[in-house]
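Worksheet: one structure, shown below.
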2 protein chains.
Amino acid sequence: MTLDDLPTPCLVLDLGLLRRNLAAMQAAVDRHPGLVLRPHLKTAKSREVARLASPDFGPVTVSTLAEARYFAEAGWRDQIYAVGIVPAKLDAVAALNEAGAAVKVITDDLDMARAIALHPGPIEALIEVDVGEGRGGIAPEDPLLEAIGAALGPRLAGVLSHSGHSYNGRSPEAMAEVAEAERLGITAAAARLRAAGLPVRIVSLGSSPTALHARRMDGVTDVRAGVYMFGDLFQAQLATHAVEDIALTVLASVIGRSEARNTLLLDAGALALSKDRSTQAAPRDYGFGLVLDRLGRPSLGEAIVARAYQEHGEVRNDAPLPALPLGTRLRVAPNHCCLTAAAHDRYYVVDGNAQVIAVWDRVNGW
Amino acid sequence: MTLDDLPTPCLVLDLGLLRRNLAAMQAAVDRHPGLVLRPHLKTAKSREVARLASPDFGPVTVSTLAEARYFAEAGWRDQIYAVGIVPAKLDAVAALNEAGAAVKVITDDLDMARAIALHPGPIEALIEVDVGEGRGGIAPEDPLLEAIGAALGPRLAGVLSHSGHSYNGRSPEAMAEVAEAERLGITAAAARLRAAGLPVRIVSLGSSPTALHARRMDGVTDVRAGVYMFGDLFQAQLATHAVEDIALTVLASVIGRSEARNTLLLDAGALALSKDRSTQAAPRDYGFGLVLDRLGRPSLGEAIVARAYQEHGEVRNDAPLPALPLGTRLRVAPNHCCLTAAAHDRYYVVDGNAQVIAVWDRVNGW
């Protein structure tokens, strides 16, 4: 089977680029002795990708109960479910843990901590700490920290932070500064809990930029990152990823062309690409994606998917577009690989050429 | 089963509102004697919704081969697959037609018309006509029209246009004008083909706004519309739909809250809601959706999902948000129902209260 036999639109994953991205992240983490990479599987949602990113069934991160179940069944026991837990989801977590997993939840809420402590099943929790992103979590200096820790008691597994604001950085130096602020915040929270006599086993922080650019990681036990596996056009503008290392693309067919308008239409629109516009505020706006040839090479110059209808992607370029016959296959590099991948139920895996060497599934939904 | 038993995030579809929306559209179409409504099933992608929208297995529209197959197997024979066809997809269409369906394809390309004419299987095509949207299709006055019609020969089924630019209208009058321009364009194309001795059985146009607001439909055989079934916050600003008639919402749980920031966090983020920002340029910007209570009532005032992370939706409001306990269930009305629905594999059906009366599947992907 080759790229020409696939139904379009579909996801194409380049194995060589994936391996290169995984190795680069592992090397970045290995700069810090004792630090463990806890891959976030919310991007890939695939056992086969997890087997490469976490070959020894080490610690991982998930974002849905569906992922927790799918990866637990495949052998990844040590998980952090890194989205704030609610009472109605505790039974499902406990059931996974009773079957042998060790899925840890996160919370920043005192009532929730009490509910976790009282749950009859085996559930541990990390306290979510806000290190400046301002989304969830409590500040390291908030006295609520010890109160939640005490409420969790022996069910306290540690502390967790997420530096989503590292994405605001535009240089390795700026991201290293965010990473260091995150490290200072999360280790301060851990120290305060320990000073109160509470056990803190896990001190977890992360995002792909902080994992790649942090200068120090002392006091941190594990770092979470996910998007580094595939990369995308947004990450490429954070100096964390090169455009030519983007491992995930959408294969599409040319379904229309207009010489007068200098446009091509692809059968990859808003559903196949997502409506993520994260490059809008970046130095270079790629519309809904950068158009590459069938082998992933930039042979169409600066052509981008400028408009995305439900099933139509309209390609535009400043230079004249080639008169490609209908049915010509092209690839589109995504703005945000997590969202683009989520519209598809499988990966068609290639390795630098047109041969499809494997088909890997994904666990979508909740 | 009630709304409190459902896993969140999930799709909730209100049957009473769906029925009301279907009846309103049917009444609008019935103003034009002889005009047939050809529901576009790309929004609902559900047999159960199709049974209500097209109870006699009448003509329908689809946007993917997966929909064509799913609806053909369920009994809807007369379909238009309204996305430009490519050679590699002809065999799949022919196989459906050999099994009893009558899936018609569309094209605006002479080479493609020849390939359709030469295909050994039973395939008819409509010529896509551009009535001003400037996406696909050929202009009604372009001589290519007759050339494509002649190339299709006995396989020519008719002409089709889409007035996506009707969405630029902001009043019923503006949309009625776009609808009339579309009618003049598509009937002119039909007349030119007939004058050339070519048979034109189907003259199909559409979009929900044109179907609702057109003053005249003479010369048109069928009108296509899809989003009217559910409605959304974007449609509500086109005067084609009331906010209180939006039948589709996302049920979510409160997973975080910050009094200091006056925010709530929901477990419905970019994946559950989509990153569609179509209300951004509308009179009222709803962020990523309008926040309603568990029964779909606007009891949180003007609260919207202001930021959407992969699995987190951050709710903001100018007025203080209530201190809701974690686990509280809310509903989010979407900007664009087609894209929001596509992230989910099923509908939980209610009818004005918290009781779940049915679960309906969807056919996602391609």
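Values reported hereafter were calculated over all heavy atoms of this structure, with side chains retained and with hydrogens, waters and symmetry mates removed. Letters A, B, ... mirror the listed sequences (proteins, then strands); counts begin at 1. In this text the structure is predicted, and so the values were computed from the model without any measurement.
- Interface check for chain B: of the options A:Gly134, A:Gly327, A:Gly365, A:Ala308, the most heavy-atom pairs under 4.5 Å are formed by A:Gly134.
- Put simply, of B:Ser258, B:Pro9, B:Ser253, the one with the most heavy-atom pairs under 4.5 Å next to chain A is B:Pro9.
- Taking CG of B:Leu110 as the reference point, atom CG of A:Leu326 lies at 10.5 Å (rounded to 0.5 Å).
- The most heavy-atom pairs under 4.5 Å with chain B, out of A:Asp108, A:Ile138, A:Thr328, A:Leu271, come from A:Leu271.
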Checklist entry - Please walk me through it: do A:Val227 and B:Gln310 pass side-chain contact (heavy atoms from CB on, under 4.5 Å)? => result CA-CA 12 Å; A:Val227 72; B:Gln310 183 161 343; over 6 Å; no
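- Nearest heavy-atom pair, A:Arg135 versus B:Arg261, reported as atom, atom and distance to 0.1 Å: O-NH2, 3.0 Å.
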For a quick test of your reading: what N or O donor-acceptor pairs under 3.5 Å do the side chains of residues 334-342 of chain A make, sequence neighbours left out?
from	atom 1	to	atom 2	distance (Å)
A:Asn335	OD1	A:Thr279	OG1	3.0
A:Asn335	ND2	A:Asp276	O	2.9
A:Asn335	ND2	A:Gly287	O	2.8
A:His336	ND1	A:Asp276	OD2	3.1
A:Thr340	OG1	A:Leu273	O	2.6
A:Thr340	OG1	A:His336	O	3.3

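- Interface remark: of the candidates B:Val254, B:Leu265, B:Asp111, B:Leu265 forms the most heavy-atom pairs closer than 4.5 Å to chain A.
- By number of non-hydrogen pairs under 4.5 angstrom with chain B, the leading residue of A:Arg277, A:Arg257, A:Glu128, A:Glu314 is A:Arg257.
- By number of non-hydrogen pairs under 4.5 angstrom with chain B, the leading residue of A:Cys10, A:Ala115, A:Gly256, A:Gly136 is A:Gly136.
- For the set B:Gly269, B:Pro7, B:Ala272, the count of heavy-atom pairs under 4.5 angstrom toward chain A peaks at B:Ala272.
- Interface remark: B:Arg346 contributes no atoms to any contact with chain A (heavy atom separation under 4.5 Å).
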Side-chain donor/acceptor pairs under 3.5 Å, residues 82-92 of chain A, sequence neighbours excluded:
from	atom 1	to	atom 2	distance (Å)
A:Lys89	NZ	B:Thr8	O	3.4
A:Lys89	NZ	B:Asp267	OD2	2.7
A:Asp91	OD1	A:His119	NE2	2.6

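- In this structure, the portions of A:Ser63 lying under 4.5 Å from any heavy atom of chain B include both its backbone and its side chain.
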Checklist entry - For B:Tyr309 and A:Glu133, what are the C-alpha separation, side-chain angles and deciding distance, and is it a side-chain contact (heavy atoms from CB on, under 4.5 Å)? => result CA-CA 12 Å; B:Tyr309 307 85; A:Glu133 184 183 29; 3.8 Å; yes
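- With respect to chain B, the highest number of heavy-atom pairs below 4.5 Å among A:His344, A:Arg307, A:Lys275 belongs to A:Lys275.
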Checklist entry - Going through the distances and angles, do B:Lys42 and A:Glu311 end up as a side-chain contact (heavy atoms from CB on, under 4.5 Å)? => result CA-CA 10 Å; B:Lys42 70 171 185 163; A:Glu311 297 292 349; 6.0 Å; no
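- When heavy atoms are compared at a cutoff of 4.5 Å, B:Pro325 does not approach chain A at all.
- In plain terms, the two heavy atoms of B:Ala343 and A:Trp366 that are nearest each other are O-CZ3, 3.6 Å.
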